[in-house]
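Quick notes on the structure that follows.
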Amino acid sequence: MKENNKAKLLTLGIAVVLILIICGISVVIHALNKRNSQDTSSMLQEDIMEYANASQEQNVTASDVTKKEDETKEPEAKEEEPDEAREEEPKETEPSQMTENEESAVVVGEEENTPEETIMEEEAGKQVSGEEEKTTAKWQKEAGENLAVVEIDLPRQMSEMKGYWEAGNMEAVEDLAYLPRYRAASEKLSGTTKYYYFGDTDENKRPNGKGLAMYTDNQYYYGEWKNGVRSGNGMWIKYYVYDQNAKAKDSIYLQHSYSGTWANDLPNGDGAEHYDFIDENLEPYVGYNRNFIGNFKNGLYHGEIYITNYYSDHNTKEWSGTAKDGVWQPMGEKDDKGQYPVIVQLTEPDNYQWMAEKANKNHGVDGMISAAK
């Protein structure tokens, strides 16, 4: 009986111990689960905060980029309507009505806006559209030409030519000079030494600085001015135009020009005189003086002059001579015809150009229009 009681007590004790062990294990497991749950929740919260922070940083960066793009992006170009050209029509005065008290220049103010379409583009458009077909050489007048009825827009014409001259585009200047409207404007000055002017002026409205002048006889000057006269560096040029029935021997020149220094409205100092010829009108085996390079005095040769002449086959020869106030200095005795050797060929010292004494005077830039002459 006692043994049975002991066995029951032992069994009960073991059961209690097991229950306690199980309870202890349950408590431990519960504590561990609770801790794991807290850790997981904490980690999840941290992950959410990190994601939120990252999202916020990303949004701020995108906003900054958009702002910077807006700041650096150039505004869309708006098509601007051209301003109305402000042109001042010159007062056209007939040469016979000009008085001695009038200024020697018709001054045309500088235009602030250049024309949308140039005169040359207009002429090209006419030829393409068939409105005007060029049938003659540029140095020939059209049959039945009447410059008196040609429409002139003087400020625009002077502005365009000055622009090409400033750019050094002499081919464009030449093309303009042969157009009827330019020749018509030049013809209005016929019989005078007056000119149209476009450029810088002084307080008295006299040419002063740089500018372009148009004279009669298709003559132009572009360069420096002082107190109303050509002074400094500049270029003068004359463009020749002939009737269709002109004989070849009467129409050999295309252009005549002088480039160099000026004073008192005339070539003075170092410079170069030049002729361009109409090759098909030149006689074969004849040398035509083309360049005179050296010193000038009041438009005349003065000092040693280097000369080239030109042949219809495009060959050239070089010469040299010395002049004083437009008179060639003799290099030897006169011949039986009364002519003196005055110019010598550089490559053949025994070959001279001869000239009679009565013809040996006033040699220089011929045909130049100037009030100082």
Side-chain angles (χ1 to χ4, degrees), residues 86-112 152-166 173 176-177 182-183 185-239 256-273 295-300 302 325-326 362 364-373:
R86 289 179 288 179
E87 298 180 353
E88 179 183 350
E89 285 290 340
K91 297 178 181 179
E92 295 185 4
T93 308
E94 294 298 328
S96 60
Q97 296 175 343
M98 294 181 180
T99 66
E100 294 181 356
N101 294 329
E102 287 183 297
E103 294 183 4
S104 61
V106 177
V107 180
V108 183
E110 294 275 12
E111 291 183 87
E112 294 185 6
I152 298 171
D153 187 347
L154 189 58
R156 182 182 178 192
Q157 292 174 213
M158 296 289 283
S159 174
E160 182 172 27
M161 178 175 280
K162 181 174 178 284
Y164 284 122
W165 215 309
E166 287 175 341
V173 171
L176 291 177
Y182 278 83
R183 293 190 287 111
S186 175
E187 191 172 86
K188 287 186 175 293
L189 296 168
S190 179
T192 76
T193 59
K194 300 181 184 298
Y195 53 90
Y196 297 124
Y197 177 78
F198 192 94
D200 300 331
T201 59
D202 60 16
E203 63 277 5
N204 297 318
K205 301 298 182 182
R206 296 179 303 178
N208 199 76
K210 271 196 172 182
L212 171 69
M214 173 195 290
Y215 301 81
T216 188
D217 201 24
N218 302 320
Q219 295 190 24
Y220 295 86
Y221 170 85
Y222 175 76
E224 297 177 342
W225 299 74
K226 186 175 181 180
N227 300 327
V229 297
R230 293 172 285 193
S231 182
N233 292 310
M235 179 180 184
W236 164 87
I237 191 166
K238 169 181 168 59
Y239 296 96
H256 180 198
S257 64
Y258 168 82
S259 298
T261 55
W262 296 71
N264 191 33
D265 208 48
L266 290 169
N268 274 282
D270 293 333
E273 181 184 18
N295 192 68
F296 294 76
K297 181 180 178 182
N298 295 325
L300 303 175
H302 188 75
D325 294 320
N362 297 324
V365 185
D366 292 329
M368 180 180 295
I369 296 173
S370 172
K373 282 188 172 183

Between P267 and W262, is any pair of side-chain heavy atoms under 4.5 Å apart?
yes

Would you say that R183 contacts Y239 through its side chain, given a criterion of any heavy-atom pair below 4.5 Å between the two side chains?
no

Least distance between heavy atoms, I237 atom then S257 atom
CG1-CB, 3.9 Å

Starting at OH of Y196, measure out to CD of Q157 and round the result to the nearest 0.5 Å.
10.0 Å

Looking at every heavy atom in both N233 and Y221, which two are closest together, and how far apart are they?
O-OH, 3.6 Å

Taking the six-membered ring for Trp and the single ring otherwise, decide whether the centroids of Y258 and F296 are under 6.0 Å apart.
yes

Between M161 and Y182, does a side chain to side chain contact (heavy atoms under 4.5 Å, CB included) hold up when you go through it step by step?
CA-CA 10 Å; M161 178 175 280; Y182 278 83; 3.8 Å; yes

Look up atom CG in D325 and atom NZ in K297, then write down how far apart they are to the nearest 0.5 Å.
4.0 Å

Looking only at heavy atoms, the pair that brings D366 and N362 closest together is OD1-O, 4.3 Å

If you look at every heavy atom in N298 and L266, which pair is closest and at what distance?
O-CD1, 3.8 Å

For F198 and S159 the tightest heavy-atom approach is CZ-CB, 3.7 Å

Would you say that L212 contacts Y164 through its side chain, given a criterion of any heavy-atom pair below 4.5 Å between the two side chains?
no

Would you check if W225 and D200 make a side-chain contact, meaning some heavy-atom pair closer than 4.5 Å?
no

Under 4.5 Å between any side-chain heavy atoms of V365 and H256, yes or no?
yes

With W236 via side-chain hydrogen bond (donor to acceptor under 3.5 Å, both in side chains) - residues at least two apart
Q219

Please check: side-chain N/O of E160 versus main-chain N/O of R156, any donor-acceptor pairing under 3.5 Å?
no

Using a 4.5 Å cut-off on heavy atoms from C-beta on, say whether the side chain of T216 contacts that of E187.
no

Sorted by chain and number, sequence neighbours left out, side-chain hydrogen bond (donor to acceptor under 3.5 Å, both in side chains) with N264 holds for none

Can you confirm whether M158 sits close enough to Y197 that some side-chain heavy atom of one is under 4.5 Å from a side-chain heavy atom of the other?
no

Please state whether the rings of Y220 and W165 are parallel, tilted or perpendicular, taking 30° and 60° as the class boundaries.
tilted

Do T261 and N268 come close enough that some side-chain heavy atom pair is under 4.5 Å?
no

Mark yes or no for whether T193, through its side chain, and I369, through its backbone, hold a donor-acceptor pair below 3.5 Å.
no

Taking all atoms of both residues into account, what is the closest heavy-atom pair of M235 and S259, and its distance?
CG-OG, 3.3 Å

Residues in ring pair (Phe, Tyr, Trp, His ring centres under 6.0 Å) contact with H302, at least two apart in sequence or another chain:
none

Test item: S186 side-chain N/O and N218 main-chain N/O as donor-acceptor pair under 3.5 Å
yes

E166 bridged to K162 by N-O distance under 4.0 Å:
yes

